[in-house]
Novice: 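Starting off with a structure, shown below.
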Amino acid sequence: MNPIIICEVTLDDLEELQKVSKQTFFETFSSDNSKEDMEKYLNINFSKEKLSQKIKNQYSTFFMAKIDNKAIGYLKINTKSAQTELINQNSLEIERIYVLKEFLGKKVGQILYNQAIEIAQKVNAELIWLGVWEHNLRAIRFYQKNGFKAFDKHIFKLGEDEQTDILMKLTL
């Protein structure tokens, strides 16, 4: 496998980000959710308008993992007011780490995670936190392996379906 390159996403990458976002989310969750809920979530949350707003937000950053200039996964982190919940005044949220199905198990997620840790250290975050669907056991194991501990739960709405996310944190 050729080297994995991590690059920060800009508005010039919008279409590529949209494509990898929709594909990875669909691959990860479509088998466990209704077609209608998936379509609604994908169309709203991964629209060009919504993604461009998030790219422009000074407290959100996307990073894309690429091989041979092809997007194979991405990371979205949030600080300050961009966090989906303010867990701590000096925290960093990993909102998304997604990898194309064909690249799962090839350390792409770990490389993206390491990027989040590096940014957290640069901004002197006290802790990193995230929400992960209670049925996404692969992701839960990944975060546990990296030292995260569950500390709470919240509701995540996928289309019309209310689902439970486990909130996990890592103190730095």
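Starting from 1, each residue takes its place in the sequence as its number. Quick caveat: nothing in here was measured; it's all calculated off a predicted structure.
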Novice: Going by the rule side chain to side chain donor-acceptor pair (under 3.5 Å), which residues pair with E27 if we only count those two or more places apart in sequence or in a different chain?
Specialist: Q23

Novice: Q83 and L86: which non-hydrogen atoms are nearest, and at how many Å?
Specialist: NE2-CD1, 3.4 Å

Novice: Could you walk me through whether I117 and L170 pass side chain to side chain contact (heavy atoms under 4.5 Å, CB included), step by step?
Specialist: CA-CA 10 Å; I117 293 293; L170 173 69; 4.0 Å; yes

Novice: How far apart are the closest heavy atoms of I77 and L75, and which atoms are they?
Specialist: CG2-CD1, 3.7 Å

Novice: Can you name the ring pair (Phe, Tyr, Trp, His ring centres under 6.0 Å) partners of Y59, sequence neighbours left out?
Specialist: none

Novice: Could you measure the distance from the CG atom of N136 to the CD1 atom of I166? Nearest 0.5 Å is fine.
Specialist: 9.5 Å

Novice: Quick one: pull up CD1 in I72 and CD1 in I111 and give me the separation to the nearest 0.5 Å.
Specialist: 7.5 Å

Novice: Among residues at least two apart in sequence or on other chains, which ones pass salt bridge (charged side-chain N to carboxylate O under 4.0 Å, His left out) with K48?
Specialist: E15

Novice: Test of understanding: with ring pair (Phe, Tyr, Trp, His ring centres under 6.0 Å), list the residues that count as partners of H135, not counting sequence neighbours.
Specialist: W133

Novice: For K122, give me all partners under salt bridge (charged side-chain N to carboxylate O under 4.0 Å, His left out), at least two apart in sequence or on another chain.
Specialist: E118

Novice: Do you know the tightest heavy-atom contact between A120 and L172?
Specialist: CB-CD1, 3.7 Å

Novice: With a 4.5 Å heavy-atom cut-off, do I4 and F103 have their side chains touching?
Specialist: no

Novice: Looking at S60 and N78, what are the two nearest heavy atoms and their distance?
Specialist: OG-OD1, 2.7 Å

Novice: Quick one: list whatever passes ring pair (Phe, Tyr, Trp, His ring centres under 6.0 Å) with F25, sequence neighbours left out.
Specialist: F29, Y41, F46, Y98

Novice: Evaluate the side-chain proximity of M168 to V132: yes if any heavy-atom separation is below 4.5 Å, no if none is.
Specialist: yes

Novice: Check for me, please, whether F26 and V99 land in the same ILVMFWY cluster - side-chain distances under 4.5 Å, paths through other members count.
Specialist: yes

Novice: Drop me the distance from L11's CG to L17's CG, to the nearest 0.5 angstrom.
Specialist: 10.0 Å

Novice: At what distance, to the nearest 0.5 angstrom, does OG1 of T28 lie from CG of L104?
Specialist: 7.0 Å

Novice: In this structure, would W129 and F156 fall into the same cluster of hydrophobic residues linked by side-chain contacts under 4.5 Å?
Specialist: no

Novice: Sequence neighbours excluded and cut-off under 3.5 Å, please list the side-chain donor-acceptor pairs for residues 61-70, or say none.
Specialist:
| unit_1 | atom_1 | unit_2 | atom_2 | d |
| --- | --- | --- | --- | --- |
| K66 | NZ | E16 | OE1 | 3.1 |
| D68 | OD1 | N2 | ND2 | 2.7 |
| D68 | OD2 | N2 | ND2 | 3.0 |

Novice: The criterion is side chain to side chain donor-acceptor pair (under 3.5 Å); which residues satisfy it with T10, sequence neighbours excluded?
Specialist: D13

Novice: I'd like to check the salt bridge (charged side-chain N to carboxylate O under 4.0 Å, His left out) partners of E36; sequence neighbours left out, ordered by chain and number.
Specialist: none

Novice: For residues F148 and I140, determine if any side-chain heavy atom of one lies less than 4.5 Å from a side-chain heavy atom of the other.
Specialist: no

Novice: Could you list all the salt bridge (Lys or Arg N to Asp or Glu O under 4.0 Å) pairs where at least one residue sits in residues 72-100, not counting sequence neighbours?
Specialist: K76-E95

Novice: Do V123 and L127 sit in the same hydrophobic cluster, where Ile, Leu, Val, Met, Phe, Trp and Tyr count as joined when their side-chain heavy atoms come under 4.5 Å apart?
Specialist: no

Novice: Looking only at atom types and distance, does a side-chain atom of N146 sit under 3.5 Å from a main-chain N or O of F142, one as donor and one as acceptor?
Specialist: yes

Novice: Are I97 and I87 connected, step by step, through hydrophobic side chains (Ile, Leu, Val, Met, Phe, Trp, Tyr) whose heavy atoms are closer than 4.5 Å?
Specialist: no

Novice: Run the side-chain hydrogen bond (donor to acceptor under 3.5 Å, both in side chains) check on N114 and Q110 step by step: do they pass?
Specialist: CA-CA 6 Å; N114 292 344; Q110 189 67 48; 3.2 Å; yes

Novice: Under the salt bridge (Lys or Arg N to Asp or Glu O under 4.0 Å) definition, can you give me all pairs with a residue in residues 135-150, not counting sequence neighbours?
Specialist: none

Novice: Determine whether I155 and M38 fall in the same hydrophobic cluster, where Ile, Leu, Val, Met, Phe, Trp and Tyr are linked whenever their side-chain heavy atoms lie under 4.5 Å apart.
Specialist: no

Novice: Under the salt bridge (Lys or Arg N to Asp or Glu O under 4.0 Å) rule, what pairs show up with a residue in residues 151-162, not counting sequence neighbours?
Specialist: K40-E160

Novice: Considering non-hydrogen atoms only, spot the tightest contact between V20 and G73 and give its length.
Specialist: CG2-N, 3.9 Å

Novice: For G131 versus D165, what's the shortest heavy-atom pair and its separation?
Specialist: C-OD2, 4.1 Å

Novice: Are L167 and L130 packed together at the side-chain level, in the sense that at least one heavy-atom pair is separated by less than 4.5 angstrom?
Specialist: no

Novice: Between CD of E49 and CD1 of I44, what distance do you get to the nearest 0.5 Å?
Specialist: 12.0 Å

Novice: What's the spacing between N124 CG and L92 CG if we round to 0.5 Å?
Specialist: 11.5 Å

